[in-house]
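Indexing begins at 1, ligand by ligand and atom by atom, following the structure's order. Along the sequence shown, residues carry numbers from 1.
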Amino acid sequence: MLPEAAVIDHAVALLQAGELVAFPTETVYGLGADAANPAAVGRIFAAKGRPADHPLIVHLPADGYLDHWASDIPRQAWELTEAFWPGPLTLILRRARGIPSVVTGGQETIGLRVPAHPLALTLLRAFAEAGGGLGGLCGVAAPSANRFGRISPTEAAHVRAELGESVRLILDGGRCAVGIESTILDLSRGAGEAPRVLRPGAITPEQIATVIGRLPAVGSQPQDARADAVPRVPGALAAHYAPATPMRLLPATDIARLASAPATGRRCAVLCHSRMAAETAALLVRQLPADPTRYARELYAALRELDQSSAELIVVEEVPATAAWSAIADRLRRAACGAGGVGKCLPAA
Ligand code: TXA
Ligand code: MG
């Protein structure tokens with residue numbers, strides 16, 4: 001194995017040349033490219049099979065680079081970066097002049113974050129030191145390193161399984177500590193409008209309120225959910241994060257009944273967090289921790305594993321309807337909606 005410094009040099013050379021590098025963040029693995037290089041960003045969309053009007057998050061080495069990418073930065077943004085960066089919070093701000101529109105999906109706003117994973121920070125800093133890509137803007141665009149609409153990768157092996165040879169280098173930083181994608185907070189709507197959480201994540205509205213002095217609104221606005229509207233947050237599409245196997249969410253009591261039901265011949269996989277019945281020939285059981293932080297860390301790997309089992313249906317035990325579980329509940333709802341093309345779809349929120 002190459003020493004880390006040599007691997008980072010190789011990764012930086014690839015980014016500078018407009019190639020793709022997958023890297024770990026504390027949330028999920030990202031598929032990175034020089035965010036100022038439209039051809040490089042185009043490769044991300046091609047590798048993911050992602051529609052071109054879906055904007056990407058740009059990752060920065062430190063908050064000092066924010067004004068390369070954003071303009072009209074409100075005071076609240078600086079307060080939040082001070083409190084939560086590096087960390088799992090993405091800020092949506094007005095984009096600076098000259099930013100290629102391919103990275104923003106044609107929008108006037110841009111999503112920015114400084115990730116907390118040490119390998120991601122090492123990569124971003126080394127990229128900046130080596131010139132920082134076209135125009136010296138030092139931003140690495142990186143969506144989650146999965147095929148569009150599928151489960152986000154939380155281990156290097158998941159990235160290889162999802163994207164194969166279309167990514168030249170995958171930096172392996174082990175399993176992601178957070179396990180679900182960053183909280184996205186929209187601060188671009190001007191002083192008159194409350195900041196809005198577009199995607200829930202590990203940083204909660206309550207934590208944001210302790211910094212900016214008010215609770216942000218939560219969810220996309222109704223006009224954003226119009227059928228013909230550009231999806232500001234594909235992660236907010238009703239169907240996303242989905243396994244290929246059909247998936248349903250059920251309360252624990254119904255799952256207990258599944259275990260005692262006479263065999264139907266269909267093999268079913270159960271993902272639970274409270275104490276459940278033992279496995280049977282027809283029932284594969286995977287237990288996750290009952291604590292939301294640890295549950296989030298293991299969720300995507302577990303879903304991936306069950307998706308690859310011989311089960312014809314994945315049944316997930318509903319999680320508690322409390323603030324601590326809300327980001328997980330959000331992902332499970334969307335995953336069930338997209339899974340195997342069935343499931344009960346909710347309107348995009
Ligand atoms: O934790 C994360 O955020 C991970 C890691 C790799 O950083 N990244 C991630 O990227 O989840 P992606 O592309 O899978 O999801 C980014 C979300 C998308 O739903 C996108 O629509 C939204 O961010 N987004 C990006 N720019 C935006 C903008 N200008 N306005 C609204 N939403 C935006
Ligand atoms: Mg994604």
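- Of all atoms in ligand 1, listed by their number and element, those nearer than 4.0 Å to a heavy atom of Ser182 are 1 (O), 2 (C), 3 (O).
- Below 4.0 Å from some heavy atom of His59 lie the following atoms of ligand 1, by number and element: 5 (C), 6 (C), 7 (O).
- Of the N and O atoms on the side chains of Ser309 and Arg286, not one donor lies less than 3.5 Å from an acceptor on the other residue.
- Within ligand 1, the atoms closer than 4.0 Å to a non-hydrogen atom of Thr109 are 28 (C), 29 (N), 30 (N), numbered from 1 in the order shown.
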- Task: Give the intermediate values and the outcome of side-chain contact (heavy atoms from CB on, under 4.5 Å) for residues Ile170 and Leu163.
- Result: CA-CA 10 Å; Ile170 301 170; Leu163 300 175; over 6 Å; no
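- Atoms of ligand 1 found under 4.0 Å from any heavy atom of Ile110, numbered from 1 in the order shown, are 29 (N).
- Heavy atoms of His54 found under 4.0 angstrom from ligand 1: none, in either backbone or side chain.
- Taking 2.8 Å as the threshold, Ser152 does not count as a candidate ligand of the Mg ion (ligand 2), since none of its N, O or S atoms lies below it.
- Where the criterion is an N or O separation shorter than 3.5 Å, residue side chain and backbone included, Glu181 fails it with respect to ligand 1.
- At a 3.5 angstrom cut-off on N or O pairs, Thr25 does not count as close to ligand 1.
- In this structure, Glu155 pairs ionically with Arg175, as a charged nitrogen and a carboxylate oxygen lie closer than 4.0 Å.
- Contact annotation: for Glu108 versus ligand 1, there are no heavy atoms closer than 4.0 Å.
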- Task: Step by step, work out the salt bridge (Lys or Arg N to Asp or Glu O under 4.0 Å) result for Arg75 and Glu79.
- Result: CA-CA 6 Å; Arg75 186 175 41 84; Glu79 292 168 352; 2.6 Å; yes
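- Close approach of ligand 1 to Thr27 is summarised as follows: ligand atoms under 4.0 Å from at least one heavy atom of the residue are 1 (O), 2 (C), 4 (C), 5 (C).
- For Arg113, the heavy-atom gap to ligand 1 drops under 4.0 angstrom.
- Ser144 and Glu181 form no side-chain donor-acceptor contact under 3.5 Å, judged by distance and modelled atom types alone.
- Near Leu56, with a cut-off below 4.0 Å to any heavy atom, the atoms of ligand 1 are 25 (C), 26 (N).
- Between the side chains of Thr27 and Ser182, no donor-acceptor pair is found at a separation under 3.5 Å.
- Ligand 1 has no nitrogen or oxygen under 3.5 angstrom from a nitrogen or oxygen of Tyr29.
- Contacts between Asp186 and ligand 1 below 4.0 angstrom, taking non-hydrogen atoms only, are absent altogether.
- Glu108 and Arg94 are not joined by a salt bridge, as no carboxylate oxygen comes within less than 4.0 angstrom of a charged side-chain nitrogen.
- Heavy atoms from other residues, nucleotides or ligands lying under 6.0 Å from CD of Glu82 number 12 at most.
- Here the rule is side-chain hydrogen bond (donor to acceptor under 3.5 Å, both in side chains) with Thr25, and of Arg113, His117, His59 only Arg113 fits it.
- Taking only non-hydrogen atoms, the option from Pro55, Ala22, Ala120 nearest to atom 27 (C) of ligand 1 is Pro55.
- Residue Leu187 holds its CG atom at 11.0 Å from OG1 of Thr109, rounded to the nearest 0.5 Å.
- Not a single heavy atom of Pro115 sits less than 4.0 Å from an atom of ligand 1.
- Close contacts of ligand 1 with Arg50, meaning ligand atoms under 4.0 Å from a residue heavy atom, involve 12 (P), 13 (O), 14 (O), 18 (C), 20 (C).
- Of the heavy atoms in Ala142, only backbone atoms (N, CA, C, O) come closer than 4.0 Å to ligand 1.
- By the 30° and 60° cut-offs, the orientation of the rings of His273 relative to Tyr295 is perpendicular.
- In this structure, Ile184 has a heavy atom closer than 4.0 Å to ligand 1.
- Residues Tyr300 and His158 place their aromatic rings such that the two centres sit no closer than 6.0 Å.
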